[in-house]
Amino acid sequence: MFNNRITYFFMRKKFLLASFLMLTALASWAQVFSIGGHRTVFDSRYNRWLCTLPQEYFGNDWTTTISYVDTLVTEIEIEGNVIGGGGSVTFEGLVGGKEYPTNVYVGDSLISGNITFTWLPIVELNGTIGDEYEYGTVTVNEPDSANAEPLFAKLKWRGQTTNQRGKHKRNYRIKFVNEEDSTKENHRFFGLRNDNCWILDAGQVDFLRVRNRVSTDLWLDMARRPWYSDTLPNARNGSRGQMVEVLLNGEYAGIYNMCEPIDRKQMKLKRYDEENGEAHGGLWMAHYWSRTVSMSNPYWFFADRPTWDGFEIKYPDPDEIGQTIWSVLPNAVWFANNANDDHVLCTDSLAYYYDIPVLQDYYIFIAALQALDNESKNIFYACYDAQDHPRLTIAPWDLDICLGQNYSPGVNLPDMVKPDRYMDWISHLPMINMIGIEEYHDQIKERYKELRQTVLNTDSLVNRYRSVIDELENSGAAAREEQRWSHDTDLVLKKLDLSAEMDYVENWIRRRMEFLDDNDCENLFPPIPAPIYPRGDVNGDFEVNIADVNALIDIILGGVDNSEGRSDVNEDDEVNISDINEVIDIILNS
């Protein structure tokens with residue numbers, strides 16, 4: 001029986017391998033020539049060949065050679081000029097997005113379309129992709145490399161609201177594996193880390209498409225490093241990435257952020273001790289908003305479950321080690337909840353449980369960008385070594401909902417995303433507790449003023465986003481993205497216009513930073529609510545007693561009335577003996 005199962009497994013694997021190789025062949029049948037040694041990628045949706053080149057090639061005429069990849073190619077005609085195999089061609093005025101009419105004769109077939117150039121990497125996904133991992137291939141064409149081969153991988157959709165039924169521009173998770181035995185196989189792209197796991201982020205609901213990528217880069221530039229980085233300088237509390245253009249099974253799928261995941265390796269957490277079954281480093285993610293992820297009145301905790309009311313264990317992976325280890329996170333959650341009612345405890349111990357410099361930078365970060373979806377959720381919590389110290393540092397994830405972006409393309413709540421909105425949306429108790437401590441409050445203000453001179457300088461902040469949009473426009477990728485996704489149901493049939501959205505974002509940033517600077521930067525913090533005094537509390541000590549009667553007598557006899565209207569207890573627009581009687585009745589009936 002056991003041998004039959006093994007035989008079935010390998011037969012199924014061979015079937016899947018044959019299936020995705022067939023898909024790869026079908027998707028690449030028209031990729032029959034290269035230009036100057038650079039592979040062309042055929043987009044069957046719009047009948048065009050995309051070719052990525054180094055950016056310095058653009059802006060001039062480019063004379064190069066055409067090489068036939070398919071031996072069945074008999075002739076290639078570009079802008080009316082017939083080019084033989086190895087023949088020379090000049091692309092006049094090479095600019096991103098310009099299309100060169102092309103006919104390719106393959107055997108008895110004619111493929112008509114256009115050649116266009118970009119300097120963004122081109123990523124090809126081939127396979128049947130769904131909610132579960134399936135085998136497929138990934139080809140990453142980088143502009144500086146003429147060689148790109150299909151790489152064996154497991155592929156799946158990823159995301160929560162973006163992965164619901166009826167969605168079109170999906171996010172993808174890629175795990176590169178060895179073709180022979182399906183073991184992990186690492187690959188390095190764009191000068192980033194060498195790893196088997198990569199993510200393609202679609203920016204599905206983002207009308208700018210780059211909010212997540214550019215905002216994460218901002219975080220990496222502005223945030224102080226995790227508290228343990230003195231000994232581990234390569235620890236990163238954020239994900240690096242690169243904007244790319246993606247084709248799915250030979251059809252153009254748009255621009256994506258191809259990025260590193262947040263994991264143990266990224267944050268340099270100490271490994272799980274397999275020999276002794278002992279947890280050291282820990283990583284958890286807050287997936288959705290709840291009272292537990294905001295750390296206010298946490299939900300009942302079950303230690304044997306991998307999730308906890310919005311939190312999920314990311315490392316050590318329960319499926320890999322055979323047990324569920326929550327380690328220090330629950331204690332930090334319960335501390336934050338308890339310390340909210342104990343100023344002394346909070347002042348004494350907040351820095352024991354949380355990486356305060358990083359938490360301060362994170363608060364400034366979400367305040368500046370008004371990152372509504374990252375206040376309690378979309379946060380990674382990391383502990384370097386629970387056996388040494390329980391302190392948690394944090395890293396943001398999924399920054400699409402910021403800079404005036406609504407939660408959904410179909411939502412229209414302008415007051416919620418207006419740039420002069422106060423910080424009344426903060427519910428995350430560690431942050432609330434932190435800004436309630438005078439020392440930390442002052443540190444945040446000084447840190448904000450310091451960052452305003454560098455990465456949060458208004459012009460610098462605007463240019464950070466605009467330069468990326470300019471890159472997409474000048475490479476032709478923005479027009480291709482708009483062509484592919486405008487009026488799609490993902491965007492509730494709205495038009496996609498990256499240039500117009502960038503103008504909106506620039507206006508929003510300028511108004512937001514001006515608002516945060518006002519009132520000596522006190523708008524950076526939640527407004528202090530007006531105190532609610534009990535009726536009859538004339539002297540403002542939150543109690544109603546004989547002292548309030550005495551205060552009323554002083555006022556009636558000509559003393560200064562500092563009660564802000566509370567002295568008119570019976571609300572008859574006069575302050576006299578009847579108000580004294582009213583207070584006495586309140587005291588006697590309390």
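This one's a predicted model, so the numbers in the text were calculated from it and none came from an experiment.
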>> Run Gln55 and Glu471 through side chain to side chain contact (heavy atoms under 4.5 Å, CB included) and show every step you take.
In response: CA-CA 10 Å; Gln55 190 171 354; Glu471 290 284 301; 3.6 Å; yes

>> Between Ile546 and Val549, does the side chain to side chain contact (heavy atoms under 4.5 Å, CB included) criterion hold? Intermediate values first, please.
In response: CA-CA 5 Å; Ile546 194 64; Val549 174; 3.9 Å; yes

> Can Asp400 and Asn212 be said to form a side-chain hydrogen bond (donor to acceptor under 3.5 Å, both in side chains), step by step?
Replying inline: CA-CA 5 Å; Asp400 284 345; Asn212 183 32; 4.7 Å; no

>> Between Glu574 and Asn576, does the side-chain hydrogen bond (donor to acceptor under 3.5 Å, both in side chains) criterion hold? Intermediate values first, please.
In response: CA-CA 6 Å; Glu574 295 181 9; Asn576 50 35; 3.1 Å; yes

> How far apart are the C-alpha atoms of Glu522 and Lys445, what are their side-chain angles, what is the distance that settles it, and do they pass the salt bridge (Lys or Arg N to Asp or Glu O under 4.0 Å) test?
Replying inline: CA-CA 8 Å; Glu522 280 303 316; Lys445 184 184 291 188; 2.6 Å; yes

>> As a quick check of understanding, evaluate side-chain hydrogen bond (donor to acceptor under 3.5 Å, both in side chains) for Glu245 and Thr118, giving each step before the final call.
In response: CA-CA 9 Å; Glu245 299 189 66; Thr118 181; 2.8 Å; yes

> Hey, mind stepping through Val205 and Asp490 against side chain to side chain contact (heavy atoms under 4.5 Å, CB included) and telling me if it holds?
Replying inline: CA-CA 7 Å; Val205 301; Asp490 284 354; over 6 Å; no

> Taking it one step at a time, do Val293 and Tyr288 satisfy side chain to side chain contact (heavy atoms under 4.5 Å, CB included)?
Replying inline: CA-CA 8 Å; Val293 300; Tyr288 59 83; over 6 Å; no

>> Between Glu450 and Arg447, does the salt bridge (Lys or Arg N to Asp or Glu O under 4.0 Å) criterion hold? Intermediate values first, please.
In response: CA-CA 5 Å; Glu450 173 189 331; Arg447 174 68 173 162; 2.9 Å; yes

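Panel note: side chain Tyr256, backbone Gln242; no donor-acceptor pair is recorded below 3.5 Å. With hydrogens and angles ignored, the 3.5 Å screen pairs no side-chain donor or acceptor of Asp373 with any backbone N or O of Ile401. With hydrogens and angles ignored, the 3.5 Å screen pairs a side-chain donor or acceptor of Asp568 with a backbone N or O of Asp572. The closest donor-acceptor contact from the side chain of Glu375 to the backbone of Ser427 lies under 3.5 Å. With hydrogens and angles ignored, the 3.5 Å screen pairs no side-chain donor or acceptor of Arg225 with any backbone N or O of Ser229. The closest donor-acceptor contact from the side chain of Tyr362 to the backbone of Pro357 lies at 3.5 Å or more, if one exists at all. Between the side chain of Arg158 and the backbone N or O of Tyr172 there is no donor-acceptor pair closer than 3.5 Å. The main-chain N or O of Leu472 is found under 3.5 Å from a side-chain atom of Ser475 such that the two form a donor-acceptor pair. Here the side chain of Thr292 pairs a donor or acceptor atom with the backbone of Tyr299 at under 3.5 angstrom. For Asn457 (side chain) and Ser460 (main-chain N/O), a donor-acceptor pair under 3.5 Å exists by modelled atom type.
Contact detail for Met222 and Ile364: the closest heavy-atom pair is CE-CG2, 4.2 Å. Residue Arg209 comes nearest to Ile255 through the heavy atom pair CB-CD1, 3.9 Å, listed as atom of the first residue, atom of the second, then distance. Nearest approach of Asn562 to Arg566, heavy atoms of both residues: O-NH2, 4.3 Å. Of all non-hydrogen atoms in Thr489 and His168, the two that sit nearest each other are OG1-CE1, 3.0 Å. Asn237 approaches Pro396 most closely through the heavy-atom pair O-CD, 3.8 Å. Scanning all heavy atoms of the two residues, the minimum distance from Leu208 to Tyr465 falls at CD2-CD2, 4.3 Å.
Between Trp397 and Asn374 the shortest side-chain heavy-atom distance does not fall below 4.5 Å. A 4.5 Å side-chain heavy-atom check between Ser499 and Glu473 finds at least one atom pair inside the cut-off. Residues Lys494 and His487 fail the side-chain proximity criterion, which asks for heavy atoms closer than 4.5 Å. Proximity of Gln370 to Met423: side-chain heavy atoms (C-beta onward) are nowhere separated by under 4.5 Å. Residues Glu543 and Pro534 fail the side-chain proximity criterion, which asks for heavy atoms closer than 4.5 Å. Proximity of Met267 to Thr393: side-chain heavy atoms (C-beta onward) are separated by under 4.5 Å at one or more points. Within the 4.5 Å cutoff, no side-chain heavy atoms of Thr307 are placed close to those of Ile313. Contact annotation: the side chain of Asp548 approaches that of Asp537 to within less than 4.5 Å [non-hydrogen atoms, C-beta and beyond].
In this structure, the separation between CD1 on Ile379 and CD1 on Ile262 is 12.5 Å, given to the nearest 0.5 Å. Going from atom CE of Met513 over to atom CG of Leu461 covers 6.0 Å, rounded to the nearest 0.5 Å. Atom OG of residue Ser296 and atom NE2 of residue His428 lie 11.0 Å apart, to the nearest 0.5 angstrom. Rounded to the nearest 0.5 angstrom, Asp201 CG and Thr162 OG1 are separated by 8.5 Å. Taking CG of Asp221 as the start and OG1 of Thr454 as the end, the distance is 9.5 Å to the nearest 0.5 Å. Expressed to the nearest 0.5 Å, how far CZ of Arg391 lies from CG of Leu350 amounts to 10.5 Å.
No more than 12 heavy atoms of other residues, nucleotides or ligands lie within 6.0 Å of NZ in Lys495, so this atom counts as exposed by the packing criterion.
Partners of Ala351 according to the side-chain contact (heavy atoms from CB on, under 4.5 Å) rule, which considers only residues two or more places apart in sequence or in another chain, are Ile356, Tyr440. Residues that satisfy the ring pair (Phe, Tyr, Trp, His ring centres under 6.0 Å) test with Trp334, not counting sequence neighbours, are Phe301, Trp308. Remark: Tyr422 pairs with Phe515 by the ring pair (Phe, Tyr, Trp, His ring centres under 6.0 Å) rule, at least two apart or across chains.
Ring centroids of His389 and Tyr228 are separated by 6.0 Å or more, keeping the two rings apart. Under the 6.0 Å cut-off for aromatic ring centres, Trp284 and Phe380 do not qualify, their centroids lying 6.0 Å or more apart.
Residues Tyr448 and Asp517 bring a donor and an acceptor atom of their side chains to less than 3.5 Å of each other. Side chain to side chain, Gln266 and Arg193 meet the donor-acceptor criterion of an N or O pair below 3.5 Å.
Note on Glu260 versus Arg236: no salt bridge recorded, every NZ/NE/NH1/NH2 to OD/OE distance being 4.0 Å or above. In summary, Arg510 and Glu506 engage in a salt bridge, as defined by a charged side-chain N under 4.0 Å from a carboxylate O. The pair Glu501-Arg211 meets the salt-bridge criterion, with a side-chain N (NZ, NE, NH1 or NH2) lying under 4.0 Å from an Asp/Glu carboxylate O.
Below 30°, between 30° and 60°, or above 60°: for Phe525 and His441 the angle between ring planes is below 30°, a parallel geometry. Ring planes of Tyr384 and Trp227: perpendicular class, angle over 60° (limits at 30 and 60°).
In this structure, Arg173 is not positioned above the aromatic face of Trp157 in the sense of NZ or CZ being under 6.0 Å from the six-membered ring centre and within 45° of the axis.
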